[in-house]
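Here the structure is a predicted model, which is why all the values come from computation and not from measurement. The chains referred to below are lettered A, B, ... by the order of the sequence lines, with proteins before strands, and numbering in each begins at 1.
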Amino acid sequence: MTKSRTLYLIDGTAYLYRAFHAIRNLSNSKGLPTNATYGFTMMLLKLIRDKEPDYAAMFFDMKGPTFRHEIYDQYKANRPPMPEEMAVQIPWIKKIVAAMNIPVVEKQGYEADDLIGTYTRIAKAQGFFSVMVTGDKDFMQLVDRDCVIWDPMKDKTMDVDSIRNDLGIEPIQVIDMLGLAGDTSDNIPGVPGVGPKTALKLISEYGNIQEIYDNLDNLKSKKAMHKKLLDNREQAFLSRRLVTIERSVEVSHDLGEFKMEKPDNEALAELFKNLEFRKLQQEYFEALPVPEKDYRCLTKIDDIKKVLDELKIPFAIDTETTSQHPMLAELVGISFSCQPHRAFYIPLAHVRPDLDELLLNSSDVSSDLLESQPDIGEVLAMLKPILEDPLIPKVGQNIKYDYIVLAKYGIEMQGMVFDTMIASYLLNPSLRGHGLDQIAMDLLGHKTIKYEDVTGKGKKQILFSQVDIETAVPYACEDADITLQAHGILKKRIEKEGLLNLMETIEMPLVPVLAKMEMQGIKVDVAKLHDLSKSFQQEMDKIEKEIFAVAGETFNINSSQQLGNILFEKLKLPVQKKTKKKTGYSTDIDVLTKLAEQHELPALILRFRSLGKLKSTYTDALQQLVHPSTFRIHTSFNQTITATGRLSSSDPNLQNIPIRNEEGKSIRETFIPEKGWKLLAADYSQIELRILAHCAEDKILIEAFTNDEDIHTRTAAEVFHALPGFITDELRRQAKAINFGIVYGMGAFKLAKELSISRKMAQTYIDNYFARYSGVRSYIDDTIAQAREKGEVQTLLGRRRRLDDINASNANVRGFAERMAINTPIQGSAADFIKLAMINMDKALREESMKSRMLLSVHDEILFEVPENEIDALTALAKKEMEGVFDLKVPLKVNIDCGDNWAEAH
DNA sequence: CGTCGGTCGTAC
DNA sequence: GACGTACGACCGACGT
């Protein structure tokens, strides 16, 4: 290659199309298609990395007719309009090109080809070597000793020699070849019946079209060909003209404009972030200069006082502790940040990591460490008025955790105005996690120090209190710093997305309410749990023996794989269904229940399984989780897990404690109140169907709820065309299944299975349902239509969930999204209501100075612990607050029961 | 020895 | 393939 300056001329339009068609179904979480943008970007990056061009320019076609349309009105007339998915990506592609500092050339009336053709001519005149970056064969006509084609996607170069070799003609002859052959994609006719092969042959023989026609009579070919050429003479010359790239468009001759500058890495990083090109984003953020960080460790009371006095608002706070569970955690240090890249850490309770070392060394080592930390009591006393001031706003990442930890040290934090974890969740509740590390990467492109990096993991893991202060400082400061920075970005997004009201009126006020419930915990009868475990174990031992006797061998009953082999291979019982991932035979409840008709083993297995479930998941696990000092169970309510807005509960999950059968009830009985107190459960009755009635404005549903009818009986009457008085328990049960199914978007198949009826019959029921509940029918249709349009659904209080698959071409995938579209507004609105009710109840209990306290929330139920003398007052209060939480077109109804254990209260 | 996907079962 | 939302126990394959 020549050493002279090289100009890269990039055929932007061609790459836009190629990238769009080469990559399928790529989009970011906001539903923006990004396939073309991605392919285009990769092409550009390859060009920049492989060729390191000094001069480059990008060319695009411009909308509107060109001179080719003037001479041939059918030019490109067969082209379908640009797909919407491609059009929306063009602004992004242009932004990327701009951020890469590549000049763009467009000119009305000309295509990219003509501009590139013109510039190769200018470049040659100015002593430049040209590389046309394209995959389009039309450009071969421009190739000469100073101009080649390079296709980054195939990494293939075409020069004069390769064209001669490949085609057997000179580059300039490509014009004549294409003129004869035409081009279907551009609707250039050429000579019908003459394809590329024939055209090549003719051109290599005669040189050009003119020569062919001049020598038509001497043509050494068939008569048919002769006629084709003769009949389409005009068309051949017209086509030749159409495929000829114009090389004298009026443009600036100053190639200095194309001198490459450094890309704007910051802008690129921001673009890649929005497009969610994770790997590229990371690369470009890493290329940015790292801002100077100011992370300090404060140990002197005077210094701490000074910094606290200057603390600007809002500030981010983060606590470091000895445990992931706030109820078991001891405070080790606290970090604050009120300016980006600046944070400070106050170590409070770091200890020597290794006791042996402490003993070996002289005792003043440990006193060094003590001296290097301020007195925890003194620091907390200084912090208390700030943290408890509701007018001093605080932000945090999972700030409920910090609230609980601090509460144990006598600080009841107030003014918690923003939680970055919750904000991230509200912006996209479908996301897997909302950890600070993910938020830092997504929003700031920053890779955080991992907790494990500091404490180690597995067997080698140490407590945070055992981490060196020097090691702790950057970690702890970073958490506060990142939280504050993320707050800045997330706050704007929350506002922009219209989620601020939800954040301020529901999610943030809920934080201290949940925290107090977690701290309160619930009492369990440990002795009874222990007895239950024991009796379950005894029965399991017995059944295990029977199972092994019947099976004729011992095996692991808990292994569905081994069980499947026994049932279906050894005993040759009929296979009911396979497991989803082809791993083997299904042995679930339905299968075993069916098999129980013909063999004694399945029933034994079912019993064994049921007992094992209760023991391992509940009676054993709950005992483990009794707090060593409160003797109560403190679950974690997670506010940022579910896609619909519900809370979830873990460690232990108190939202799936059994209730349906006798043994299940016995587990609920172990949840008890304090002596002299009762448990009081307040349940929303049919809250989801009431929300459906409201949203669908369905006449029958509204009437039924307004009259406080039994909704399942009413549905039975409607669906089975009977008077309510004639509805049997069985019919009511079936109607109940239908009502549930509606909320979940159930199909006939599942209903048929549920009710053990034919699919046809199930379909009839569903048809009957929608015929009667016509409001529900149109609500479902409207909701799906709206979801299609907006790509998301929302609850009554404005909680949103994106449904990217709602327009999927795969009917299965789309069906799934459609059912989510139906269920999410209903389930999510119910979640909104119970959250709001909890906030209101908490406030009311305080205002009424009642001792009663909220313990748990289980989706449509709130469980209270109430002193006996407050039962009536609490019953009235809960009914009032919960039923009045939101004004619907139907009344909300709350059922309340009270008892000496959770089973009785229900 | 830890991680992770699969299967199963509990709740609303 | 066919009913939404969770948590978690257990198994077994796989990687360190």
Have a look at A:Ala643 and say if it touches a base, only the backbone sugar-phosphate, or nothing, with a 4.0 Å heavy-atom cut-off. sugar-phosphate
Going by the angle between their ring planes, with limits at 30° and 60°, are A:Phe886 and A:Phe833 parallel, tilted or perpendicular? parallel
What nucleic acid atoms does A:Ile589 come within less than 4.0 Å of, heavy atoms only: base, sugar-phosphate, or nothing? sugar-phosphate
Give the rounded distance in Å between these two atoms: NZ of A:Lys613 and C1' of C:dC7. 8 Å
So, is A:Thr642 near the phosphate of C:dA6, with a side-chain N or O under 4.0 Å from OP1 or OP2? no
Do A:Glu754 and C:dC3 share a donor-acceptor pair, side chain to base, under 3.5 Å? yes
Round to a whole Å and report the spacing from CD of A:Glu663 to P of B:dT10. 11 Å
For C:dT16, which nucleotide is its Watson-Crick or G-U wobble mate, given both distances must be under 3.5 Å? none
So which one's nearest nucleotide on DNA chain C is more toward 5', A:Asn812 or A:Gly815? A:Asn812
Which part of the nucleic acid, if any, lies within reach of A:Tyr684 when heavy atoms closer than 4.0 Å are counted: base, sugar-phosphate only, or nothing? nothing
Whole angstrom is fine here: how far is it from CD1 in A:Ile826 over to C1' in B:dC12? 14 Å
Let's see if you can work this out: which of C:dG8, B:dG9, B:dC12 has an atom nearest to the side-chain heavy atoms of A:Val858? B:dC12
Are A:Ser616 and C:dG8 close enough that a side-chain N or O sits under 4.0 Å from OP1 or OP2? no
Of the listed nucleotides C:dC3, B:dC8, C:dC11, the one nearest the side chain of A:Ser559: C:dC11
Counting only N and O atoms by type, is there a donor-acceptor contact under 3.5 Å from the side chain of A:Ser666 to the main-chain atoms of A:Glu663? yes
Can you see whether A:Asp541 engages A:Gln537 through a side-chain donor-acceptor pair at a distance of less than 3.5 angstrom? yes
Taking only N and O in the side chain of A:Gln827, is any of them less than 4.0 Å away from OP1 or OP2 of C:dA6? no
Check whether any side-chain N or O of A:Ser648 sits under 4.0 Å from OP1 or OP2 of C:dC7, and answer yes or no. yes
Expressed in angstrom and rounded to an integer, what is the separation of A:Ile667 atom CD1 from C:dA9 atom P? 14 Å
Looking at B:dC8, C:dT5, C:dG12, which one has an atom nearest to any side-chain atom of A:Met820? C:dT5
If you look at every strand shown and take non-hydrogen atoms under 4.0 Å, does A:Ile659 touch a base, only sugar-phosphate, or nothing? sugar-phosphate
Options B:dC12, C:dG12, C:dA6, nucleotide nearest the side-chain atoms of A:Ile641: C:dA6
Grab the CD-P distance between A:Glu662 and B:dT10 for me, whole Å please. 15 Å
Hey, are A:Asp419 and A:Lys400 close enough for a salt bridge, meaning a charged N less than 4.0 Å from a carboxylate O? no
Does a donor on one side chain and an acceptor on the other come within less than 3.5 Å for A:Ser533 and A:Gln623? yes
Given C:dG12, C:dC3, B:dG9, which nucleotide is nearest the side-chain atoms of A:Met746? C:dC3
When the distance from NZ of A:Lys760 to P of C:dA2 is rounded to whole Å, what number comes out? 24 Å
Please state whether the phosphate of B:dC8, meaning OP1 or OP2, lies under 4.0 angstrom from any side-chain nitrogen or oxygen of A:Thr587. yes
Give a yes/no answer on whether the side chain of A:Arg660 brings an N or O atom under 4.0 Å of OP1 or OP2 in B:dA11. yes
Quick check for you: among B:dC8, C:dC3, C:dA6, whose closest atom lies nearest to any side-chain atom of A:Lys750? C:dC3
Can you check the distance between B:dC8 and C:dA2, where both ends of the measurement are the P atom (answer in whole Å)? 15 Å
What nucleotide, of C:dG8, C:dC11, B:dC12, holds the atom closest to the side chain of A:Tyr744? B:dC12
Rounded distance in Å between the P positions of B:dG5 and C:dC3: 26 Å
Short side-chain N/O contact from A:Arg646 to OP1 or OP2 of C:dA6, under 4.0 Å: no
Which nucleotide in the set C:dT5, B:dG9, C:dC10 lies at the smallest distance from any side-chain heavy atom of A:Asn656? B:dG9
So does A:Ser430 get a backbone contact from the side chain of A:Arg801, meaning a donor-acceptor N/O pair under 3.5 Å? no
What is the separation between atom CG on A:Asp590 and atom P on B:dT10, rounded to the nearest whole Å? 12 Å
Do you see a donor-acceptor pair shorter than 3.5 Å between the side chains of A:Asn565 and A:Gln561? no
Identify which nucleotide among C:dT5, C:dA2, B:dT7 has an atom closest to any side-chain atom of A:Asn823, counting heavy atoms from C-beta outward. C:dT5
From OH of A:Tyr585 across to P of B:dC8 the rounded distance in Å is 14 Å
Pick base, sugar-phosphate or nothing for A:Asn556, based on heavy-atom distances below 4.0 Å to the nucleic acid. sugar-phosphate
Please confirm whether the shortest side-chain N or O distance from A:Arg759 to OP1 or OP2 of C:dA2 is below 4.0 Å. no
Looking only at C:dA2, C:dA13, B:dG9, the nucleotide nearest the A:Gln561 side chain is C:dA13
We want to know whether A:Ser685 and A:Asp683 form a side-chain donor-acceptor pair, criterion being a heavy-atom distance below 3.5 angstrom. no
